[in-house]
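This report concerns only the one structure given below.
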Amino acid sequence: IRFNRAIIPVDAVDLNIDTLDFGDASKSLLCVAIYARFKRKNGEFSCQLVLARSRLIPDGMSQPRAELYAALVNAYMNNT
């Protein structure tokens with residue numbers, strides 16, 4: 001498996017980075033992903049994965065609480 005490092009596209013408008021943060025949970029697992037987004041000169045965007053994490057959901061946790069747990073993990077990942 002090969003992963004490319006996140007890079008700034010050569011045709012980026014500027015060096016401003018927008019982050020797109022996602023978190024989701026199922027009954028047994030949660031996933032968090034953070035992407036970096038750069039606006040390109042042609043009006044499109046370049047998005048690249050920067051960070052991804054997954055965790056097991058503790059036994060007995062309800063689905064709504066698992067979704068809140070995913071949001072909490074997402075918030076912690078965004079501040080690191």
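- Note that the NZ atom of Lys39 and the CG atom of Asn42 stand 10.0 Å from one another [nearest 0.5 Å].
- By the side-chain hydrogen bond (donor to acceptor under 3.5 Å, both in side chains) test, Gln63 is found to be paired with Glu67, residues two or more places apart in sequence or in another chain being considered.
- A search for salt bridge (charged side-chain N to carboxylate O under 4.0 Å, His left out) contacts involving Asp21 returns nothing, not counting sequence neighbours.
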Side-chain polar contacts of residues 8-16 - donor-acceptor pairs under 3.5 angstrom, sequence neighbours left out - could you list them?
| from | atom 1 | to | atom 2 | distance (Å) |
| --- | --- | --- | --- | --- |
| Asp11 | OD1 | Arg40 | NE | 3.2 |
| Asp11 | OD2 | Arg40 | NE | 3.1 |
| Asp11 | OD2 | Arg40 | NH2 | 3.2 |
| Asp14 | OD1 | Asn16 | N | 3.2 |
| Asp14 | OD2 | Asn16 | ND2 | 3.2 |

Show the atom names and distances, to 0.1 Å, of all donor-acceptor pairs under 3.5 Å that link a side chain in residues 49-58 to residues at least two apart or in another chain.
none

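- For Val32 against Met77, the heavy-atom pair with the smallest separation is CG1-CG, 4.2 Å.
- Listed by chain and number, the residues in a side-chain contact (heavy atoms from CB on, under 4.5 Å) with Leu20 are Phe22, Tyr35, Arg37, Cys47 (sequence neighbours excluded).
- With sequence neighbours excluded, the residues that form a side-chain contact (heavy atoms from CB on, under 4.5 Å) with Ser28 are Ser26.
- Separation of atoms CD (Gln48) and CD1 (Ile17) is listed at 10.0 Å; rounding is to 0.5 Å.
- The hydrophobic side chain of Phe45 is isolated, with no ILVMFWY side chain under 4.5 Å apart from it.
- Pairing each heavy atom of Ala70 with each of Ala25, the nearest pair is CB-CB, 4.1 Å.
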